[in-house]
Amino acid sequence: MPELGDFLYKKRIMKLYNEPEYVKTYDRRYDTIQLAKYNTILPYLNINHSGWILDVGVGTGLLLKKFINQWALIVGIDLSLSMLKVAKKRIKNYTKVELILADADHLPFKEDIFPTVTTFTLLQNMPNPLNTIKELIRVSNGVVAITVLKKKIDEISLQEILQKSGKQFSVIESESEDILAVCYIV
Ligand SMILES: C[S@@+](CC[C@H](N)C(=O)[O-])C[C@H]1O[C@@H](n2cnc3c(N)ncnc32)[C@H](O)[C@@H]1O
């Protein structure tokens with residue numbers, strides 16, 4: 001049963017990511033930083049031109065620029081309508097992207113359907129990252145790739161969380177401001 005505390009926490013996060021100034025400057029501030037994370041993770045993913053990828057916390061869709069030609073269908077989920085509006089503009093010429101306003105802890109999908117599930121720099125925003133990771137695992141039948149801001153969750157804490165997920169995650173060496181980890185669902 002979701003707690004009111006979680007709801008209020010997420011409402012605050014949602015407000016932050018709907019701030020017009022934050023949304024307007026996001027791409028300029030984070031384009032290069034996020035792209036480095038995507039490039040590091042990409043070789044670990046299940047690239048499949050006839051397959052699907054789910055990106056949770058898709059934001060303004062910076063990832064879509066990179067991934068648009070790698071999968072048959074890209075589904076992007078985010079809690080911020082303002083961030084999604086920017087993503088929508090970005091993909092206006094593509095039919096193979098679906099953007100959905102939803103909460104990462106309650107993904108509107110059945111079990112085991114996405115060969116690739118990614119989430120970049122979202123988990124530090126979640127009230128209970130373990131619950132979120134379990135939700136990503138629930139909808140995946142292939143690989144789950146996550147990144148989390150080091151300054152918010154250090155590697156030891158992240159390792160503890162990942163162990164509790166019941167799946168085997170490997171941390172990827174990277175100079176990034178995030179810790180990057182992948183898990184192959186078997
Ligand atoms: C730091 S941004 C990263 C955006 C994107 N992944 C990127 O690489 O540029 C974090 C994103 O997570 C979204 N977010 C925060 N809490 C969320 C939640 N509970 N469910 C879904 N998305 C959420 C925010 O709206 C924001 O777009």
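Note that these values count all heavy atoms, side chains included, but never hydrogens, waters or copies made by symmetry. Counting starts at 1 for both ligands and their atoms, following the listed order.
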Pick out which of L84, V75, D55 makes a side-chain contact (heavy atoms from CB on, under 4.5 Å) with L99. L84

Among all protein non-hydrogen atoms, which one is nearest to atom 10 (C) of ligand 1, and what is the separation to 0.1 Å? T121 O, 3.5 Å

Suppose I only count heavy atoms of S80 and a 4.0 Å limit; which atoms of ligand 1 are within that range? 25 (O)

Got K10 and P127 here, is their nearest side-chain heavy-atom distance under 4.5 Å? yes

Evaluate M126 for polar contact with ligand 1, using N/O atom pairs at a separation under 3.5 Å. no

Rounded to the nearest 0.5 Å, the NZ atom of K88 sits from the OG1 atom of T60 at a distance of 15.5 Å

Pick one of side chain, backbone, both or neither for how I13 approaches ligand 1, counting any non-hydrogen atom pair under 4.0 Å. side chain

Classify the contact between D105 and ligand 1 as side chain, backbone, both or neither, using a heavy-atom distance cut-off of under 4.0 Å. neither

Nearest-contact summary for atom 22 (N) of ligand 1 - protein heavy atom, Å: L79 N, 3.3 Å

Sub-4.0 Å atoms of ligand 1 with respect to non-hydrogen atoms of A102: 20 (N), 21 (C)

Looking only at N/O atoms, are D78 and ligand 1 under 3.5 Å apart anywhere? yes

For ligand 1, is G61 a contact, meaning one of its heavy atoms is under 4.0 Å away? no

d(K37 NZ, L42 CG) to nearest 0.5 Å is 15.5 Å

Atoms of ligand 1 close to N125 [distance to a heavy atom under 4.0 angstrom, numbered from 1]: 10 (C)

Give the intermediate values and the outcome of side-chain hydrogen bond (donor to acceptor under 3.5 Å, both in side chains) for residues D178 and T121. CA-CA 7 Å; D178 284 23; T121 326; 2.8 Å; yes

Find out whether V143 and Y44 are in side-chain contact, i.e. whether some heavy atom of one side chain is under 4.5 Å from a heavy atom of the other. no

Taking only Lys NZ, Arg NE, NH1 and NH2, and the carboxylate oxygens of Asp or Glu, determine whether K24 and E19 approach each other closer than 4.0 Å. no

Please identify which atoms of ligand 1 are closer than 4.0 Å to at least one heavy atom of G59. 4 (C), 27 (O)

Does some non-hydrogen atom of V58 fall short of 4.0 Å from ligand 1? yes

Shortest non-hydrogen contact between I133 and I146, atoms and distance: CD1-CD1, 4.3 Å

Numbered atoms and elements of ligand 1 in range of A104, under 4.0 angstrom, heavy atoms: 18 (C), 19 (N), 20 (N), 21 (C)

If the plane angle is over 60° it's perpendicular, under 30° parallel, otherwise tilted; pick one for Y38 and F67. tilted

Selected option - heavy-atom contact closest to atom 8 (O) of ligand 1, from Y26, Y38, Y30: Y38

The closest protein heavy-atom partner of atom 23 (C) of ligand 1 is L122 CD1, 3.3 Å

Which atoms of ligand 1 sit under 4.0 Å from any heavy atom of D103? 18 (C), 19 (N), 20 (N)

Tell me the contacting part of F120 for ligand 1: side chain, backbone, both, or neither, using a 4.0 Å heavy-atom threshold, strictly below. both

Nearest protein heavy atom with distance in Å, relative to atom 6 (N) of ligand 1: G57 O, 2.6 Å

Describe, in one word, how the ring planes of F109 and F114 are oriented to each other, choosing from parallel (under 30°), tilted (30 to 60°) and perpendicular (over 60°). perpendicular

Any atoms of ligand 1 less than 4.0 Å from a non-hydrogen atom of M83? List them with their elements. 27 (O)

With hydrophobic residues grouped by side-chain heavy-atom distances under 4.5 Å, do F120 and V117 end up in a single group? no

R138 vs D112, salt bridge (Lys or Arg N to Asp or Glu O under 4.0 Å): CA-CA, chis, key distance, verdict: CA-CA 6 Å; R138 183 185 70 77; D112 311 328; over 6 Å; no

Below 3.5 angstrom, do we get any N/O pair linking Q34 and ligand 1? yes

